[in-house]
Structure formats: C-alpha cells, structure tokens
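Data block below; observations after.
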Amino acid sequence: MNDTPPPPPEQPQVSPRIQFREARQRRQNFVFSVIASLMVALSLLSILVFFQILPVPFLNDFSRPEDVVEADGVPCFPEGSTPSDPSTIHATVLNATGRPGLAGSIASALEAQGVVIDSTGNYQGQYYGSVKLTAGRSQVVNAYTLARVFQDSTVRYALSDANSVTIIIGERFSDLPSNEDVAHLLSSETPLKQAENCKVLPPIDEEEAPAEDTEGGTEEGAEDGTSEEGTGEGAEEGAPEETEAQ
C-alpha cells in the first residue's frame with residue numbers, strides 16, 4: 001500500500017491581463033472610498049457651518065463687516081489724510097469749567113492762527129475730562145487737526161453742524177501752549193495721529209443737526225452781561241455728566 005499523499009492540485013495559472021485588471025480594480029476601489037469619505041466629511045462640515053454650530057475658520061476679514069463708529073465713539077480719520085489749513089476750520093468753543101473767560105481766551109489763541117471761531121459760550125452740562133472735540137463725518141480731519149493743540153484731548157463722533165467743530169473745555173484742562181507752539185502744532189509739519197481703538201466713519205451721516213446750544217450765544221451777547229462762563233452757572237449743578245450733540 002502506498003502511503004504517499006497525493007500531490008496538491010495545481011493552481012490555475014492567472015494570466016498577466018487578469019492580474020492587471022484585479023490590481024486596477026483594487027486601486028479604483030481605494031480611490032472611490034477616499035472620495036466618498038471626503039464628500040461625507042465636507043457635507044457634514046457645511047451643515048455645521050450653515051447652522052452656525054461651527055464658526056468659519058477662514059476668510060474672517062471678508063465675512064465680518066468693519067466696526068462703524070457710533071455717536072460719542074472715537075472716529076478714525078480717513079487713511080492718507082493730512083492736517084487741515086487752520087483758515088478752513090470753523091470752531092465753536094464751550095466752557096464746562098467754573099473759570100470765567102476761558103473759552104474766550106482759547107478762541108482768541110486759535111483765531112490768531114487763522115481758525116474761524118463761530119461762537120463761544122458755556123457748555124450745557126458737565127465734562128470732567130480735559131478737552132473733547134466733537135465733529136460730524138465731514139469735520140473729523142479738522143477735529144484731529146485742532147486736537148493736536150490740546151493735551152489729553154479726545155475726538156468724538158457726533159451728528160453735529162456739518163461746517164464746524166465743537167470744542168468742549170473740561171475741568172481737567174490746564175492751559176494752552178505758547179502762541180509759537182500753537183502755530184507749530186497747527187502747521188502741516190505736525191502729522192495727524194490716529195487714536196487708538198478708533199472705528200471707521202459711516203458712509204454718510206444719517207442727519208446733520210445744529211451744533212450744541214450755547215448759553216446766551218456768544219460771550220458778548222449774554223443777557224446777564226457777564227463773561228461767557230460767569231461763575232459756572234452754565235454748567236448746571238445736578239445735570240447729567242455731559243450732553244452730547246445729537
């Protein structure tokens with residue numbers, strides 16, 4: 001009896017053509033699997049972004065609108081702006097302190113440099129800062145030009161007179177520089193400095209309202225015949241901290 005096991009059956013020979021087709025099929029299956037997985041992932045991501053469950057991680061500068069300044073906010077002057085010629089600037093000077101004659105003396109110093117003073121008077125309210133200059137859209141560059149004269153001054157956006165800057169002298173105001181320094185600060189040699197955390201101007205003011213009311217108009221027209229500040233009666237006691245131009 002022969003105990004030798006029978007030889008294993010011979011494997012059928014696979015032609016090179018069939019091997020090529022099988023390899024190509026495996027590659028195609030792999031590629032299709034990867035594409036299907038990516039499409040599922042992108043679809044899921046799109047759904048999450050569409051329903052704002054997931055924030056957009058790119059193009060934020062294009063998808064987020066610029067912050068536009070609002071009333072009493074700090075406006076940015078347009079890029080590339082240069083200081084205004086003092087003779088083209090109209091200003092109203094208001095005194096929010098108890099020091100008589102202060103608005104008149106500041107107005108005279110600015111007028112000596114060519115600034116056109118529309119009026120002076122007392123501020124209807126209280127302002128505890130140094131100097132605040134309020135301006136509408138068309139007067140922001142003029143306000144920044146004048147702000148260089150005052151230490152610790154701030155420029156604020158307001159729907160005010162389209163042709164004038166309102167200068168509010170506050171309790172912390174110390175004094176103006178000398179006439180020579182004022183002339184230098186108002187010259188074109190001193191560049192404008194953009195305020196920190198400023199916001200861009202709106203495309204157009206919603207309305208143009210008159211400038212802030214003064215008490216008794218100009219100093220010379222005050223009914224009581226006193227100087228524009230008198231004894232501080234214009235800054236009413238118990239009034240709100242400040243009344244902004246609307």
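When hydrophobic clusters are built by joining Ile, Leu, Val, Met, Phe, Trp and Tyr residues whose side-chain heavy atoms come closer than 4.5 Å, directly or via intermediates, V40 is not grouped with I47. When hydrophobic clusters are built by joining Ile, Leu, Val, Met, Phe, Trp and Tyr residues whose side-chain heavy atoms come closer than 4.5 Å, directly or via intermediates, F51 is grouped together with L48.
For the pair D85/T88, a side-chain contact is recorded, criterion being any heavy-atom separation below 4.5 Å from C-beta on. Using a 4.5 Å heavy-atom threshold, the side chains of S87 and V116 count as separate. Side-chain contact between Q151 and P177 is absent, with no heavy-atom pair separated by less than 4.5 Å. I18 is listed as a side-chain neighbour of S15, based on a closest heavy-atom distance under 4.5 Å. Within the 4.5 Å cutoff, the side chain of Q194 has heavy atoms near those of the E79 side chain. When side chains are defined from C-beta on, L94 does not count as touching N122, because their heavy atoms never get closer than 4.5 Å. For the pair Y157 and L201, the minimum side-chain heavy-atom distance is below 4.5 Å. With a 4.5 Å cut-off on side-chain heavy atoms, V200 and V69 do not count as touching.
Rounded to the nearest 0.5 angstrom, I168 CD1 and T97 OG1 are separated by 12.5 Å. With rounding to the nearest 0.5 Å, the separation of CG in N163 from OG1 in T92 is 10.5 Å. Considering CG of D175 and CZ of F173, their distance stands at 5.5 Å, rounded to 0.5 Å. Separation of atoms OG1 (T120) and CG (L110) is listed at 11.5 Å; rounding is to 0.5 Å. Note that NE2 of H90 is 12.0 Å distant from OG of S119, once rounded to the nearest 0.5 Å. Note that the OG1 atom of T145 and the CG atom of L133 stand 10.5 Å from one another [nearest 0.5 Å].
Considering only residues two or more places apart in sequence or on other chains, F30 meets the side-chain contact (heavy atoms from CB on, under 4.5 Å) condition with V34. In terms of the side-chain contact (heavy atoms from CB on, under 4.5 Å) criterion, residue partners of A91 (sequence neighbours excluded) are, by chain and number, V115, I117, L146, I167. Among residues two or more places apart in sequence or in another chain, the side-chain hydrogen bond (donor to acceptor under 3.5 Å, both in side chains) test is passed with Q19 by none. By the side-chain hydrogen bond (donor to acceptor under 3.5 Å, both in side chains) test, N179 pairs with no residue at all, sequence neighbours left out. Residues satisfying the side-chain hydrogen bond (donor to acceptor under 3.5 Å, both in side chains) criterion with S84, sequence neighbours excluded, are N142. S187 pairs by the side-chain contact (heavy atoms from CB on, under 4.5 Å) definition with H184, E189, T190, not counting sequence neighbours. With sequence neighbours excluded, the residues that form a ring pair (Phe, Tyr, Trp, His ring centres under 6.0 Å) with F77 are Y144. Under the side-chain hydrogen bond (donor to acceptor under 3.5 Å, both in side chains) criterion, T154 pairs with R156, not counting sequence neighbours. Partners of S178 under the side-chain contact (heavy atoms from CB on, under 4.5 Å) rule, at least two apart in sequence or in another chain, are E180, D181.
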Practice task
For side-chain contact (heavy atoms from CB on, under 4.5 Å), just list the numbers for V74 and E196, CA-CA rounded to whole Å, side-chain angles, deciding distance to a tenth of an Å, and then say yes or no.
Solution key: CA-CA 8 Å; V74 179; E196 295 182 2; over 6 Å; no
Practice task
Start with the C-alpha distance between I169 and Y127, add both sets of side-chain angles, then the distance that settles side-chain contact (heavy atoms from CB on, under 4.5 Å), and finish with yes or no.
Solution key: CA-CA 8 Å; I169 310 301; Y127 179 58; over 6 Å; no
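In this structure a side-chain-to-backbone donor-acceptor pair under 3.5 Å is present from S153 to A147.
For residues 70-151, the pairs satisfying disulfide (SG to SG under 2.5 Å) are C76-C198, with sequence neighbours left out.
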Could you tabulate the donor-acceptor pairs under 3.5 Å formed by side-chain atoms of residues 20-29, not counting sequence neighbours?
from	atom 1	to	atom 2	distance (Å)
Q25	NE2	N29	OD1	3.1
N29	ND2	Q25	O	3.2

